[in-house]
Amino acid sequence: MAEILSINGAEVKIGEDDGKVVTTPIASLQFANPKVGDKVDVYRDGKNFIVKRSSGSSCSSSDGERSINKHVFVWIGAFMFGGIGVDRFMRGQVGLGVLKLLLCSIGWVTIVGGFIGWIWTLIDWIIAIVKVYGGAYSDTENITFDENGNYAN
């Protein structure tokens, strides 16, 4: 897996697995906000390069982004265990996950707390389905969240 070694103005140096260093224009990067240390995949098209952020097996990147398989997130995290906040924990939103867990737990004692918690769970699940199956992630297997837990496009 290649890695960005340096960014100098409009030029990027990328180290490949075989020890070679590739210098390419920053315009050949197919993602926003490149940083030194980003893992990338380098493709050659004649004399030109196409560079994409690697979709390796790591679930977090150095800039705080989190990548999760979209099917696991929607069906396990949001649908099956969304009521106890698992989807929010998977996104890195620990505070909201705890709040959701408490609201849904209160539902066993009070009607109002449980109603709010389960409505929240249903809304989160619907948003997850729409975002990952009908939005920017419809053609990929992974969904990415930024450092705040928001859907990253």
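All figures in this text were calculated on a predicted structure; none of them were measured in a lab.
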Minimum heavy-atom distance [X]-[Y], with the two atoms named:
X: Arg44; Y: Val22; value: NH2-CG2, 3.7 Å
X: Val36; Y: Ser6; value: CG2-CA, 4.0 Å
X: Ala128; Y: Phe73; value: CB-CE2, 3.7 Å

Can you check whether [X] reaches [Y] side chain to side chain, under 4.5 Å on heavy atoms?
X: Phe31; Y: Asp38; answer: yes
X: Ile14; Y: Val21; answer: no
X: Val86; Y: Met80; answer: no

Please list, chain by chain and in numerical order, all residues satisfying side-chain hydrogen bond (donor to acceptor under 3.5 Å, both in side chains) with Trp120, sequence neighbours excluded.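 Checked Trp120 against side-chain hydrogen bond (donor to acceptor under 3.5 Å, both in side chains); matches are Asp124.
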Rounded distance (nearest 0.5 Å) linking atom [atom1] of [X] with atom [atom2] of [Y]:
X: Asp87; Y: Ile68; atom1: CG; atom2: CD1; value: 9.5 Å
X: Asp41; Y: Ile50; atom1: CG; atom2: CD1; value: 12.0 Å
X: Leu101; Y: Leu96; atom1: CG; atom2: CG; value: 12.5 Å
X: Phe89; Y: Lys100; atom1: CZ; atom2: NZ; value: 10.0 Å
X: Ser28; Y: Asp45; atom1: OG; atom2: CG; value: 11.0 Å
X: Ile7; Y: Lys13; atom1: CD1; atom2: NZ; value: 12.5 Å

Not counting sequence neighbours, which residues clear side chain to side chain contact (heavy atoms under 4.5 Å, CB included) with Asp18? List them please.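 Glu16, Lys20.
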Run the numbers on Ile129 and Phe79 for side-chain contact (heavy atoms from CB on, under 4.5 Å), then give the verdict. CA-CA 10 Å; Ile129 287 175; Phe79 180 70; over 6 Å; no
Donor-acceptor pair, [X] side chain versus [Y] backbone, under 3.5 Å?
X: Asp146; Y: Gly149; answer: yes
X: Lys39; Y: Arg53; answer: no
X: Thr121; Y: Gly117; answer: yes

Establish whether [X] and [Y] are linked, either directly or via other cluster members, by ILVMFWY side-chain heavy-atom contacts under 4.5 Å.
X: Val98; Y: Phe81; answer: no
X: Val94; Y: Leu102; answer: yes
X: Leu5; Y: Ile26; answer: no

Just do the side-chain contact (heavy atoms from CB on, under 4.5 Å) check on Val51 and Gln30 with the steps written out, would you? CA-CA 6 Å; Val51 182; Gln30 301 295 311; 6.0 Å; no
According to side-chain hydrogen bond (donor to acceptor under 3.5 Å, both in side chains), does anything in residues 89-99 pair up with another residue at least two apart or in another chain? List the pairs.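 Of all non-adjacent pairs touching residues 89-99, those that pass side-chain hydrogen bond (donor to acceptor under 3.5 Å, both in side chains) are Arg88-Gln93.
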Pick one: which of Val72, Asn69, Val132 meets side-chain contact (heavy atoms from CB on, under 4.5 Å) with Asn142?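 Single pass found, and it is Asn69.
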Test side-chain contact (heavy atoms from CB on, under 4.5 Å) on Val12 and Ile4; report intermediate values, then the result. CA-CA 7 Å; Val12 178; Ile4 296 179; 3.9 Å; yes
Please lay out, stage by stage, how Tyr43 and Phe49 fare under the test ring pair (Phe, Tyr, Trp, His ring centres under 6.0 Å). CA-CA 6 Å; Tyr43 303 96; Phe49 292 96; over 10 Å; no
Does the plane of the ring in Trp75 sit parallel, tilted or perpendicular to the ring in Tyr133? Use 30° and 60° as the thresholds.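 Taking Tyr133 first and then Trp75, their aromatic rings sit tilted (interplane angle of 30° to 60°).
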Going through the distances and angles, do His71 and Glu141 end up as a side-chain contact (heavy atoms from CB on, under 4.5 Å)? CA-CA 8 Å; His71 308 296; Glu141 284 297 310; 3.0 Å; yes
